[in-house]
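Below is one structure, written out as structure tokens, with a few remarks after it.
The first residue in the sequence is number 1, and the count goes up from there.
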Amino acid sequence: GTRSIVAVDTKTGTIVARAEIKREPEDFFLTASGEGLIFVDDGLNALKASQRKPATLELFDAATLESRKNAVLPGPIKGIYLDYPGRVYVLNPGVDDSKKKNRAQGEIYVVDRETLDLEASLEVGMAPGQLAWDPDREMFYLLTSPWATRKQAEAQLHLIGAEGIVASIELPRRPLGAQPSQDREHFYVLYEDDVVRVDRDLEQSSKALALKDSPVQLFEHPDNNRFYALHFDSSYVSIVDGATGKTVDRIKSGRTSKRISKMAVTAGANVAMAGLVVASGPSFTVDGTSYYYVPVVNPYGYGSEYQKTFATFSDAAKFLFVYNSSTNDVTVIDTASSEVVEKLPGGEDDLKTVADGRFLCTISSGSVRFFDTGNGFELSGDYGGLDPEIVEIPGKNKAFLSQDLGRPVELIDFDTWGEACLLYT
């Protein structure tokens, strides 16, 4: 059918506007006021320099879906990041070339989120990865990795303000990636056999963990000072003592990240690295402290297929849910006993807790399932479809479920599990 965008009233479930679009956008997001919608087209995540085109932003009226403005950025982009003051930060990854004179520095384009005006272009060096927003300081953290030369530092972590780089710290080796801690007080930089902790001021770094296998993601338990490490192409989850930095146990789960491992081998070390992704909000609270979703560590940074989370904590971190790519199921690990207590189907495309941690949602190419985390992981909802996606309505115990091939969007009620409303066909 014809490509279109539809605006739906979330209270009544009725369509308030519809507009045909010529092509599917690379991405889209709301303006800071919520009164506009911005489409991103071209120039996003092209792996080869010859395929990169200048990115285009198009502004639509959110109420009528009428096109208001087009803006062409100076170059291609590999990531889009929104900050609270109403700006959009987008990364130009630069260009790697065998001839040094043809190499181009990476930049950050700062765009007004209401008008699409280009406010600034900040040069940040080779191969900027992804940004992490610090809401307390209204600044970004940026991980960069220069193209392989002996004279350049292997990588740097930068603190980025409105006018450019405020502080930097050099990393002596090219890392696999980096991730903020769940309390957002520091960063963990992941190497092949260890993990380095960097404070949020970028003034000090120290070795935190020693690992036997290459990590792909860390989960820091808020109570027992233990880390759960997921590894490249491994069937085990390592438990590491935070006080000693040593591995104290290994839990057999299933192969967690085989596709990323294959991508790393195929792409090679010169592909731009990306490891910092802003956490999407508190995932659970312990004794009044909010802990955030651990963002995925994505060391090679191209293509949404590889930007995924392979595990998540339940409410209060009582359980760790780990996706296994080899069997397309989720291992449930009791963090108190370090034992596997359950295996649940699905999770290939995503897994996350919903309804304030009451349910675990597993999403695969043909189904969305909800498991009651407080009732023996009983299956509470099962929805079939092609390439499903779910968007939770915060604080409402409801979520939208969309599916491909023109099937209706469903409004799911977590309390009744009934098909509350079909929004459109």
Side-chain angles (χ1 to χ4, degrees), residues 8 10-11 13 30 34 84 133 135-136 179-185 217-224 226 228 277-296 308-323 330-337 341-347 349-364 367-383 388-402 409-421 423:
V8 178
T10 59
K11 294 181 179 179
L30 288 172
Y84 297 165
W133 172 246
D136 296 331
Q179 67 181 60
S181 61
Q182 286 187 288
D183 59 9
R184 288 180 171 173
E185 289 301 317
Q217 199 169 14
L218 288 178
F219 291 83
E220 181 181 9
H221 198 284
D223 280 345
N224 60 19
R226 286 187 167 185
Y228 298 83
V277 186
V278 66
S280 57
S283 55
F284 56 88
T285 302
V286 177
D287 295 331
T289 300
S290 295
Y291 293 88
Y292 294 81
Y293 288 109
V294 176
V296 65
K308 57 188 296 184
T309 297
F310 295 101
T312 186
F313 274 128
S314 69
D315 187 49
K318 182 179 180 181
F319 300 106
L320 179 67
F321 305 113
V322 182
Y323 171 68
V330 175
T331 298
V332 182
I333 298 174
D334 187 310
T335 58
S337 65
V341 296
E342 191 68 67
K343 279 204 172 186
L344 307 173
D349 294 322
D350 200 3
L351 71 150
K352 54 189 173 184
T353 57
V354 295
D356 295 325
R358 289 190 293 137
F359 303 100
L360 173 70
C361 173
T362 65
I363 304 175
S364 293
S367 64
V368 178
R369 298 182 178 95
F370 298 90
F371 299 92
D372 190 332
T373 60
N375 191 27
F377 301 101
E378 176 183 332
L379 181 65
S380 297
D382 191 350
Y383 298 82
E389 292 187 13
I390 180 173
V391 177
E392 186 175 7
I393 306 174
K396 301 295 184 181
N397 282 326
K398 294 180 176 64
F400 292 114
L401 174 65
S402 65
V409 173
E410 299 177 16
L411 180 61
I412 299 173
D413 190 315
F414 292 129
D415 293 324
T416 64
W417 296 104
E419 192 173 281
C421 184
L423 299 182

Exercise for the section: Might you confirm whether atom NZ of Lys343 has over 12 heavy atoms from other residues, nucleotides or ligands at distances under 6.0 Å? Expected result: yes
Exercise for the section: Decide if atom CD of Glu389 counts as having more than 12 heavy atoms of other residues, nucleotides or ligands within a radius under 6.0 Å. Expected result: no
Practice task
Tell me, with the steps shown, if Phe371 and Phe321 meet ring-ring contact (aromatic ring centres under 6.0 Å, His included).
Solution key: CA-CA 12 Å; Phe371 299 92; Phe321 305 113; 9.3 Å; no
Which heavy atom in [X] sits nearest to a heavy atom in [Y], and how many Å separate them?
{"X": "Leu401", "Y": "Pro388", "result": "CD1-CB, 4.0 Å"}
{"X": "Ala355", "Y": "Phe414", "result": "CB-CD1, 3.8 Å"}
{"X": "Ser364", "Y": "Gly347", "result": "OG-N, 3.1 Å"}
{"X": "Gly357", "Y": "Asp315", "result": "CA-CB, 4.3 Å"}
{"X": "Thr353", "Y": "Phe313", "result": "CG2-O, 3.7 Å"}

Handout entry: Flag side-chain contact, heavy atom, 4.5 Å: Asn397 against Arg358
Key = yes
Handout entry: Heavy-atom check, side chain of Thr362 versus side chain of Pro345, under 4.5 Å
Key = no
Hey, could you give me the [atom1]/[atom2] distance between [X] and [Y], rounded to the nearest 0.5 Å?
{"X": "Asp382", "Y": "Arg369", "atom1": "CG", "atom2": "CZ", "answer": "5.0 Å"}
{"X": "Ile412", "Y": "Glu392", "atom1": "CD1", "atom2": "CD", "answer": "10.5 Å"}
{"X": "Asp372", "Y": "Phe377", "atom1": "CG", "atom2": "CZ", "answer": "9.0 Å"}
{"X": "Ile333", "Y": "Phe319", "atom1": "CD1", "atom2": "CZ", "answer": "11.5 Å"}

Problem - Derivation and outcome, side chain to side chain contact (heavy atoms under 4.5 Å, CB included), residues Leu344 and Leu360 - result: CA-CA 10 Å; Leu344 307 173; Leu360 173 70; 3.7 Å; yes
Handout entry: Parallel, tilted or perpendicular: rings of Tyr228 and His221 (30°, 60°)
Key =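 Ring orientation of His221 relative to Tyr228: tilted.
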Practice task
Using atom types as modelled and distance alone, determine if a side-chain donor or acceptor of Asn375 lies under 3.5 Å from a backbone N or O of Glu378.
Solution key: no
Problem - Derivation of the side chain to side chain contact (heavy atoms under 4.5 Å, CB included) call for Val368 and Cys361 - result: CA-CA 7 Å; Val368 178; Cys361 173; 3.7 Å; yes
Problem - From CA spacing to verdict: side chain to side chain contact (heavy atoms under 4.5 Å, CB included), Ile390, Phe370 - result: CA-CA 11 Å; Ile390 180 173; Phe370 298 90; 3.3 Å; yes
Problem - Ile393/Leu411 under side chain to side chain contact (heavy atoms under 4.5 Å, CB included): CA gap, chis, key distance, verdict - result: CA-CA 10 Å; Ile393 306 174; Leu411 180 61; 3.9 Å; yes
